[in-house]
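What you see below is based on every heavy atom in this structure, not just the backbone, and it leaves out hydrogens, waters and symmetry mates.
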Amino acid sequence: MLVSGQRLADGTVLAKARFFNVTDSQLTRVPLEIRQDTTRLQVIGSQNSEALYHDLATGTDKSILSTTGRGYYVLGLISPNHEPSAHALNDISAIADKYAGSGLKTLLLFRNEDDASRFNMAQYPSLPGNVVFGIDNRGAIAAELTESLRADTRDLPVFVIADTFNRVVYFLSLIHI
């Protein structure tokens, strides 16, 4: 018997069991089938919500969880003065009222202090209050996403939607659209 499963964000698992015969001294090939449900969120990776970043507003190191609170949040890795990153910030600004009303916290992280110092917040006066800026301490958050999602996080921006149970349910790299 071959069993496969796909865990969804709500904890349920779409399982598939397949029975087959194995004949002595013969190679048996069975295709691996994984059930999909495109109508519900699927867990595609993990992100430690206790990971620390440097909060630019407070000047202190904080956990993602302490900033976002319980539930879903958006995490973005961005670059200053960089067209795809600027485009994403402009898109958020364009729907600022609706975005703020969603209550969804968004944490946007720069790679290092140098990148953060080159960012001009005045260029984005319409960003909603639920957007927080910080620095990815030693690149630990980007490294975890790279490993968990098997994705290249060097080409910025990168966005994920995750929850504070450490489940990533969405990944987007604007450079590859």
Side-chain angles (χ1 to χ4, degrees), residues 8-11 37-137 139-142 144-145 148-149 151-177:
L8 302 178
D10 65 3
D37 183 348
T38 59
T39 65
R40 296 174 23 190
L41 291 177
Q42 296 180 6
V43 177
I44 59 172
S46 63
Q47 170 58 50
N48 179 10
S49 63
E50 294 290 343
L52 298 179
Y53 76 97
H54 185 76
D55 187 313
L56 292 176
T58 65
T60 61
D61 287 351
K62 296 171 68 176
S63 70
I64 293 170
L65 175 62
S66 69
T67 299
T68 63
R70 287 280 173 207
Y72 286 100
Y73 62 91
V74 176
L75 173 66
L77 306 175
I78 63 171
S79 183
N81 310 318
H82 180 248
E83 174 43 39
S85 294
H87 189 86
L89 294 175
N90 286 328
D91 286 350
I92 294 170
S93 295
I95 59 166
D97 291 340
K98 187 175 184 178
Y99 202 90
S102 73
L104 186 66
K105 279 286 193 177
T106 299
L107 179 57
L108 300 176
L109 300 178
F110 297 102
R111 290 182 186 172
N112 51 47
E113 279 187 48
D114 182 53
D115 280 1
S117 70
R118 292 186 290 114
F119 180 68
N120 183 0
M121 182 66 164
Q123 291 180 321
Y124 307 96
S126 299
L127 282 173
N130 52 336
V131 174
V132 176
F133 288 91
I135 299 169
D136 182 5
N137 289 337
I141 294 170
E144 182 177 2
L145 287 174
S148 169
L149 298 171
D152 188 351
T153 60
R154 292 174 296 172
D155 289 329
L156 301 180
V158 168
F159 292 93
V160 299
I161 297 176
D163 68 14
T164 49
F165 295 104
N166 302 329
R167 301 176 295 199
V168 175
V169 296
Y170 183 79
F171 171 80
L172 174 68
S173 174
L174 292 183
I175 202 79
H176 294 113
I177 290 182

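By the 4.5 Å heavy-atom criterion applied to side chains, Leu41 and Ile161 are not counted as neighbours. At a threshold of 4.5 Å between non-hydrogen side-chain atoms, the residues Val168 and Glu144 do not count as touching. Within the 4.5 Å cutoff, side-chain heavy atoms of Arg118 are placed close to those of Asp115. Under the 4.5 Å side-chain criterion, counting only non-hydrogen atoms from C-beta, Tyr72 is in contact with Asp163. A heavy-atom distance below 4.5 Å is found between the side chains of Val132 and Asp55. Contact annotation: the side chain of Tyr73 never approaches that of Thr67 to less than 4.5 Å [non-hydrogen atoms, C-beta and beyond]. Contact of the Pro157 side chain with the His82 side chain is registered, since non-hydrogen atoms from C-beta on lie closer than 4.5 Å. Residues Leu156 and Arg111 form a side-chain contact, since some pair of their non-hydrogen atoms from C-beta on lies under 4.5 Å apart.
The structure places OG of Ser85 at 11.0 Å from CG of Asn90, a figure rounded to the nearest 0.5 Å. In this structure, Leu75 CG and Thr68 OG1 are separated by 9.5 Å, a value rounded to the nearest 0.5 Å. Atom CD1 of Ile64 sits about 7.0 Å away from atom OG of Ser49, to the nearest 0.5 Å. Leu52 contributes atom CG, which lies 6.0 Å from atom CG of Asp61 (distance to the nearest 0.5 angstrom). Rounded to the nearest 0.5 Å, atoms CG (Asn48) and CG (Leu145) are 10.5 Å apart. The distance from atom CD of Gln47 to atom CD1 of Ile141, rounded to the nearest 0.5 Å, is 6.0 Å.
The shortest non-hydrogen separation linking Phe171 to Ala151 is CZ-CB, 3.6 Å. Shortest non-hydrogen contact noted between Ser117 and Asp114 is OG-O, 2.8 Å. Nearest heavy-atom pair across Gly69 and Thr164 is O-CG2, 3.1 Å. Nearest heavy atoms, Leu56 versus Gly134: CG-CA, 3.8 Å. Smallest separation of non-hydrogen atoms from Asp152 and Val158: O-CG2, 4.3 Å. When every heavy atom of Thr58 is checked against every heavy atom of Thr60, the shortest pair comes out as OG1-OG1, 2.7 Å.
Atom CD of Glu83 sits in a crowded spot, with more than 12 heavy atoms from other residues, nucleotides or ligands closer than 6.0 Å. By the neighbour-count criterion of 12 heavy atoms within 6.0 Å, atom CG of Asp97 is sparsely surrounded, having that number or fewer from other residues, nucleotides or ligands.
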For residues 99-107, tabulate all N or O donor-acceptor pairs below 3.5 Å that involve a side-chain atom, not counting sequence neighbours.
| unit_1 | atom_1 | unit_2 | atom_2 | d |
| --- | --- | --- | --- | --- |
| Tyr99 | OH | Thr106 | OG1 | 2.5 |
| Ser102 | OG | Tyr99 | O | 2.6 |
| Ser102 | OG | Leu104 | N | 3.1 |

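A cation-pi arrangement is present between Arg70 and Phe165, with the terminal nitrogen or guanidinium carbon under 6.0 Å from the aromatic centre and inside a 45° cone about the axis.
The ring-ring contact (aromatic ring centres under 6.0 Å, His included) check on Tyr124 picks up Phe119, with sequence neighbours excluded.
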